[in-house]
Structures are given as structure tokens and as C-alpha cells.
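The model shown is predicted, which means the values in this text are computed figures rather than measured ones.
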Amino acid sequence: MKIAVVGATGLVGSKMLEVLDERNFKFDELYLVASEKSVGQTIKFKGKDYTIISMQEAISLKPHIAIFSAGGNTSLSFAPQFAEVGTTVIDNSSAWRMDVNKKLVVPEVNAHVLTKEDKIIANPNCSTIQLVMALNPLHKHYKIKRVVLSTYQSVTGTGKKAVDQLMNERKGIQGENAYPYNIDLNLLPHIDVFLENDYTKEEMKMVNETKKILQDDSIKLTATAVRVPVIGGHSESVNIEFETSFQIEDIKSILASTEGIVLQDDVKNLVYPMPINAHNKDEVFVGRIRRDETLDNAINMWIVSDNLRKGAATNAVQIAEYIVKHELI
């Protein structure tokens, strides 16, 4: 088993290595790949020094699996080259997500759609992953009509430059900024670029990806994505309207019994999900579940997950585990 991590020096790439180690992913050869400026550097993993290699060298080595976290343009250029030599690519960028010929996968939700022919598999947007983890079991039971979503997204979703900006602002240090405004003691209702409809690209990603993963274009979903001065995870306030009636206790029971979800819903004892507690964990945490008293067959809930783990690295590694287990390579 030969595995490559492409973008190994980045925030998500380093988290992927951490997750591979924690989950004891079995491999014989590991290739760490990054941009030309990083080639020749070393990264220690499992007590061994690995030298960063170039994209072309990695392709020539024909890994069985390549997990990408190197940006959309890099993926568009190189993922097909890996696929041509027989490598199964699991890509963390947005490059392939809405390609009708590529599968968009959250293993607990729709891994069953994967086949041996899928040589480029898309990892969904971090906010979409935690959302569909909670929506999927409820959609199966009650059929979702409409979702109104507001996100509260960690600066780690932007990358190291954003984390540095937040920390520099807290220390009163001038530095390179990732955002057009201060993020410390502030909120930015602006994630990714604005589109012609005045939604951001991030907001529309969640709309389109959710429908694709749940395989239901009838779901109406509208989103507002907000960047918050938080490190540890993304949070989501979600209002869901169903086709059929429900009991709140049944909703909680369904979620509590869903693989990958942890129910934290005990308001009398102030138990509810928070990013500070989701940090470095792989589960999706759900709480504040309550009936929407203004609308028939609707609820409000709060969803939190570590965006670098289940929202990126862990989900990608879980896809790799699935294709190995089911001999899809």
C-alpha cells in the first residue's frame, strides 16, 4: 500500500498526517508532496524523517491513494495525472465537488456510491460535512422541505495566515492579513468571494453540495456564512422544516444513535456543543434541539464540529479506509 499526502506542509495536510497516525492507517510507503519551494524539506512522522518530494516524482511512484489538500488549481492540474497512472485521488478542494462525473462523499452518509472506477473522489466543504451528517438521518425519517442555515466558522478554515492575523491582532502586532477587516473582536459576514446573486461562494457551496450528497434537489436551502474569531471548529445554527410531523424526543433519539454524531442536549445542566470542546475531535456534536413554534413540522438545532478534522482530514482518511476495506483500488 503506497499512499501520498499532497499539500503535506499545510494546515490540513499536517492534520491529515495526524489522523493517519491516530487511526493507524496501514501503508508500506508514504510520500509527502508539496510545492516546489518545499521540496527537500523533511517532516517527521511516526519517528521517521520523510523528505518532501515534487508532484511529478510522486506521480511517477504511482501511489495507490493520494489525499490532496493543495488548493483547487493544483488539484485541477494534477489530480487527473495521478488518476491516469491508476491512483485514487481524494481531493479536499472545491475543484471536483460539483462535477457530475465525480462522487462527493461523506462516508457515514453515502460511501455506498463509490466504485472501482472512481479515481477522483471529492471531499465536501467542511461546513457541508457536519450539516449533512445531521440532516441525513432526519431526512430519511421525515423528508426535509427547507433548511435555513447560518454558520459561525473558525479562522482555521481560511488557513495559517488567518490564524496569524487573529493572534497578531490580540497582541497588537502588525502583520500580513488574510481578511479585509480585523477579525479579533469582530465578525465577518463574508466567506469566499461574492457572486452575482450577492451570496458568497461558500454559501452556495453548502446549498449545492447538500443536495448532491443527499441526492435530493427538492430540498430548499438558504445560507449565511460568517467568519468568527474562533479556533477549534465551525458552528451552525440550523432551522429545518419537514414534510411530516415528529416528536422532539424521536429527533434526539435518531441523532443520538447515528454513527459519528454525539448528542449534547441538556440545557438544564448547560450542556450544548461548543467549538472549544469539539477541537481535535472527529465527531459532529448536535444540541439545542427544539421545536420551531412559528412553523408546523420545523425544528431549530445547533451543530458543531472541528473543521480541520471531520470537516477535512478525517473525512478524507475515512474515504481512504472505505476504499481499502471494500477493495475499490
Side-chain angles (χ1 to χ4, degrees), residues 10-12 14-16 18-19 22 69 92 106 108 123-135 147-170 178-179 181-192 200 202-203 205-206 210 223-240 255-256 258 260-267 269-290 300-318:
L11 265 183
V12 175
S14 60
K15 192 64 68 172
M16 285 173 173
E18 189 178 306
V19 173
E22 289 177 9
S69 184
N92 197 55
V106 177
E108 296 92 336
N123 211 35
N125 177 277
C126 46
S127 298
T128 304
I129 290 173
Q130 64 188 75
L131 177 66
V132 298
M133 283 283 290
L135 293 187
V147 179
V148 181
L149 167 70
S150 296
T151 72
Y152 304 74
Q153 294 180 224
S154 163
V155 293
T156 57
T158 307
K160 183 178 182 301
K161 187 196 288 189
V163 176
D164 290 343
Q165 178 181 341
L166 173 61
M167 294 308 177
N168 285 340
E169 287 172 359
R170 293 197 168 181
Y179 304 120
Y181 301 102
N182 275 25
I183 186 63
D184 190 31
L185 299 177
N186 196 21
L187 302 175
L188 300 178
H190 171 194
I191 298 179
D192 213 322
T200 64
E202 178 80 2
E203 290 159 353
K205 283 178 191 174
M206 288 183 282
T210 298
T224 301
V226 182
R227 188 70 68 190
V228 298
V230 164
I231 292 173
H234 291 349
S235 304
E236 298 172 344
S237 173
V238 189
N239 178 273
I240 310 166
L255 290 170
T258 298
I261 286 181
V262 174
L263 185 70
Q264 294 182 328
D265 198 314
D266 180 5
V267 293
N269 292 300
L270 306 185
V271 175
Y272 36 70
M274 295 183 291
I276 197 169
N277 294 329
H279 187 44
N280 281 330
K281 295 185 175 70
D282 289 328
E283 296 82 6
V284 173
F285 300 89
V286 184
R288 294 298 321 279
I289 300 168
R290 59 213 187 272
N300 291 297
M301 66 167 59
W302 179 249
I303 306 170
V304 179
S305 189
D306 186 321
N307 55 294
L308 294 183
R309 291 190 62 105
K310 183 55 182 169
T314 302
N315 199 75
V317 172
Q318 285 177 310

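Take Y152 and apply the ring-ring contact (aromatic ring centres under 6.0 Å, His included) test, not counting sequence neighbours, and it matches W302. With sequence neighbours excluded, the residues that form a salt bridge (charged side-chain N to carboxylate O under 4.0 Å, His left out) with R309 are E18, E22, D282. With sequence neighbours excluded, the residues forming a salt bridge (charged side-chain N to carboxylate O under 4.0 Å, His left out) with E202 are K205, listed by chain and number.
Between the side chain of D306 and the backbone N or O of N280 there is at least one donor-acceptor pair closer than 3.5 Å. Side chain of Q264 to main chain of V271: no donor-acceptor pair is present (N/O by atom type, distance under 3.5 Å, no hydrogens or angles). When atom types are taken as modelled, the side chain of N300 and the backbone of R290 share no donor-acceptor pair closer than 3.5 angstrom. Proximity of a side-chain donor or acceptor of T151 to a complementary backbone N or O of S235 within less than 3.5 Å is not detected. When atom types are taken as modelled, the side chain of R227 and the backbone of S154 share a donor-acceptor pair closer than 3.5 angstrom. Side-chain atoms of S69 never come within 3.5 Å of backbone atoms of N92 as a donor-acceptor pair (strictly under, hydrogens ignored). Side chain of E169 to main chain of D184: a donor-acceptor pair is present (N/O by atom type, distance under 3.5 Å, no hydrogens or angles).
Distance check, rounded to the nearest 0.5 Å: CE of M133 to CZ of F285 gives 10.5 Å. The distance from atom CD1 of I183 to atom CG of L166, rounded to the nearest 0.5 Å, is 7.0 Å. The CD1 atom of I303 lies 7.5 Å from the CD1 atom of I261; values are rounded to the nearest 0.5 Å. I240 CD1 to L135 CG: the interatomic distance, rounded to the nearest 0.5 Å, is 5.0 Å. Atom CG of N182 is separated from atom CG of L187 by 12.5 Å, given to the nearest 0.5 angstrom. Atom CG in L263 sits 10.0 Å away from atom OG1 in T258 (nearest 0.5 Å).
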>> With side-chain contact (heavy atoms from CB on, under 4.5 Å) as the criterion, how do N186 and Y179 come out once you've worked through the C-alpha distance, each side chain's angles and the decisive distance to 0.1 Å?
In response: CA-CA 11 Å; N186 196 21; Y179 304 120; over 6 Å; no
> Are V262 and K281 close enough, and set up right, to give a side-chain contact (heavy atoms from CB on, under 4.5 Å), and what steps lead you there?
Replying inline: CA-CA 11 Å; V262 174; K281 295 185 175 70; over 6 Å; no
> Should V267 and R288 be marked as a side-chain contact (heavy atoms from CB on, under 4.5 Å) after you check the CA-CA gap, both sets of side-chain angles, and the distance that decides it?
Replying inline: CA-CA 7 Å; V267 293; R288 294 298 321 279; 4.1 Å; yes
>> Pair Q153, N307 - check side-chain contact (heavy atoms from CB on, under 4.5 Å), show working.
In response: CA-CA 8 Å; Q153 294 180 224; N307 55 294; over 6 Å; no
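For A223 against M206, the heavy-atom pair with the smallest separation is CB-CE, 4.1 Å. Between A225 and E203, the closest heavy-atom pair is N-OE2, 2.9 Å. In terms of heavy atoms, A162 sits closest to T158 at CB-CB, 3.5 Å. Counting all heavy atoms, side chain and backbone alike, G287 lies closest to D265 at C-OD2, 3.5 Å. For P229 against L185, the heavy-atom pair with the smallest separation is CG-N, 4.3 Å. Among all heavy-atom pairs drawn from S127 and E236, the shortest one is O-OE2, 2.7 Å.
In summary, of the residues considered (E283, Q130, Q318), a side-chain hydrogen bond (donor to acceptor under 3.5 Å, both in side chains) with K310 occurs for Q318 alone.
In this structure the side chain of S150 never reaches within 4.5 angstrom of the side chain of V226, judged on heavy atoms. When side chains are defined from C-beta on, L255 counts as touching I289, because their heavy atoms get closer than 4.5 Å.
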